[in-house]
Amino acid sequence: MLPNANNLPFALRALLLFISGALHTLTVAPWDYWFLGPVAIALFLWASGFLTQDKLSVKTGFVRGWWMGVGLFSLGVSWVYVSINTYGHAPPALAGGLTLGFVLLLALFQGLTFALFAWWRGHSVLGRALLFIALWVLGDAFRTVFLTGFPWLFLGYGHLETWLAGWIPVVGIYGITAIVVATGTLLLFWLSPVNFRQKVAFSVVVIALWMAGPVL
């Protein structure tokens, strides 16, 4: 079992949340380490305490989600610096400052998503898990359309050639992302003191989704 993360020092928690976001970048091209997606989700859930921590304020949910977002976009949008500096001929300081501002603003999407999670979550661990998956996907969908959209770095993009590829015509990128997030949530379930029946029930559903991919 994983140790309780509720009493982590702020700096260590922020670092772990940052890493959980940064791992997303390695799941897509050119690296294609798709198996890191569930690991990133499990790390995020553990470091944030979203499933197991009893008391969680909206502010805390926002801050922890924002730190994950900073990690996600710090590595995932490095091409913005290249665009501004190399092709826009802006000085490195200006290009770096603009890129940093872009990263910090994009991270607000994750912050707002998990502020809502902290506000709506109930007492059931299974209920929290389902809400987490739903809000993750809705957050991605909102980021796709808001202010013309920024549909980058979705976890589902890493599964164009995995067992989940069969689901693509059926559920699209958001559905694939939901399965990946559910898989990471399941991974944390088995590493945490969650009710055994809930672990088994959740496992059956997630495994069935993976096994259905090749059939489709």
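Enclosure of atom OH in Tyr33 is not indicated, since only 12 or fewer non-hydrogen atoms of other residues, nucleotides or ligands lie within 6.0 angstrom. The 12-atom threshold is exceeded at CH2 of Trp210, counting heavy atoms of other residues, nucleotides or ligands nearer than 6.0 Å.
Remark: the backbone N or O of Ala47 is paired with a side-chain donor or acceptor of Arg13 at under 3.5 angstrom. When atom types are taken as modelled, the side chain of Ser192 and the backbone of Val194 share no donor-acceptor pair closer than 3.5 angstrom. Here the side chain of Asp32 pairs a donor or acceptor atom with the backbone of Ala29 at under 3.5 angstrom. At distances below 3.5 Å, not a single donor-acceptor pair connects side-chain atoms of Trp119 with backbone N or O atoms of Gly61. Between the side chain of Ser74 and the backbone N or O of Val70, at least one donor-acceptor pair lies under 3.5 Å. Looking at Thr27, its side chain never comes within 3.5 Å of a backbone N or O of Trp34 through a donor-acceptor pair. The backbone N or O of Leu51 sits less than 3.5 Å from a side-chain atom of Arg128, completing a donor-acceptor pair. In this structure, the side chain of Lys59 does not engage the main chain of Ala115 through any donor-acceptor pair within 3.5 Å. Remark: the backbone N or O of Gly156 is not paired with any side-chain donor or acceptor of His159 at under 3.5 angstrom. The closest donor-acceptor contact from the side chain of Asn85 to the backbone of Ala90 lies under 3.5 Å.
A heavy-atom distance below 4.5 Å is not found between the side chains of Pro38 and Ile41. Taking 4.5 Å as the limit, some side-chain heavy atom of Phe202 sits within range of a side-chain heavy atom of Leu130.
Between Trp136 and Phe44, the ring planes are perpendicular. Angles over 60° get that label, and only those under 30° would be called parallel.
No option in Ile176, Val28, Val180 other than Val28 meets the side chain to side chain contact (heavy atoms under 4.5 Å, CB included) test with Tyr157.
Cluster membership check: Val82 does not share its hydrophobic cluster with Leu106, using side-chain heavy-atom separations under 4.5 Å among Ile, Leu, Val, Met, Phe, Trp and Tyr. Hydrophobic clustering (side-chain heavy atoms under 4.5 Å, transitive across Ile, Leu, Val, Met, Phe, Trp, Tyr) groups Phe196 together with Val205. One hydrophobic cluster, built from ILVMFWY side chains closer than 4.5 Å, holds both Trp167 and Ile207. Ile173 and Val145 are members of different hydrophobic clusters when ILVMFWY side chains are connected at heavy-atom separations under 4.5 Å. Hydrophobic clustering (side-chain heavy atoms under 4.5 Å, transitive across Ile, Leu, Val, Met, Phe, Trp, Tyr) groups Met211 together with Leu209.
Neither side chain, Tyr81 nor Thr86, offers a donor N or O lying under 3.5 Å from an acceptor on the other. Donor-acceptor pairing under 3.5 Å is lacking for the side chains of Trp31 and Thr25.
Taken from CG in Leu153 to NE2 in His24, the straight-line distance is 8.5 Å, to the nearest 0.5 Å. Rounding to the nearest 0.5 Å places CD1 of Ile133 at 9.5 Å from CG of Leu186. Here Phe10 contributes atom CZ and Arg64 contributes atom CZ; the two are 9.5 Å apart, rounded to the nearest 0.5 Å. To the nearest 0.5 Å, atoms OG (Ser78) and CZ (Phe73) are separated by 13.0 Å. Here the straight-line distance linking atom CG of Asn195 with atom CZ of Phe189 works out to 9.5 Å at 0.5 Å rounding. Here CG of Leu138 is found 13.5 Å from CZ of Phe117. Values are rounded to the nearest 0.5 Å.
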Under the side chain to side chain contact (heavy atoms under 4.5 Å, CB included) criterion, do Leu216 and Ile168 qualify, and how do the steps go?
-> CA-CA 9 Å; Leu216 291 169; Ile168 294 173; over 6 Å; no
Given Leu45 and Thr185, is the side chain to side chain contact (heavy atoms under 4.5 Å, CB included) satisfied, shown in steps?
-> CA-CA 7 Å; Leu45 281 171; Thr185 304; 3.7 Å; yes
Trp66 vs Leu104, side chain to side chain contact (heavy atoms under 4.5 Å, CB included): CA-CA, chis, key distance, verdict | CA-CA 8 Å; Trp66 183 82; Leu104 299 182; 3.6 Å; yes
Does the pair Arg143 and Phe154 meet the rule for a side chain to side chain contact (heavy atoms under 4.5 Å, CB included), with working shown?
-> CA-CA 10 Å; Arg143 177 156 60 88; Phe154 296 158; 3.1 Å; yes
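For Trp152 and Trp79, the ring centers sit closer than 6.0 Å to each other. Remark: aromatic rings of Phe62 and Phe114 are distant, center separation not under 6.0 Å. Aromatic pair Phe102/Phe150: centroids less than 6.0 angstrom apart.
In terms of heavy-atom proximity, Gly49 sits nearest to Asn6 at CA-OD1, 4.5 Å. Residue Gly184 comes nearest to Ala42 through the heavy atom pair O-CB, 3.6 Å, listed as atom of the first residue, atom of the second, then distance. Smallest separation of non-hydrogen atoms from Gln198 and Ser124: NE2-OG, 4.4 Å. The shortest heavy-atom contact between Gly139 and Thr113 is CA-OG1, 3.8 Å. In this structure, Leu16 and Leu43 approach most closely via the heavy-atom pair O-CD2, 3.8 Å. Nearest approach of Trp190 to Ser203, heavy atoms of both residues: NE1-OG, 2.8 Å.
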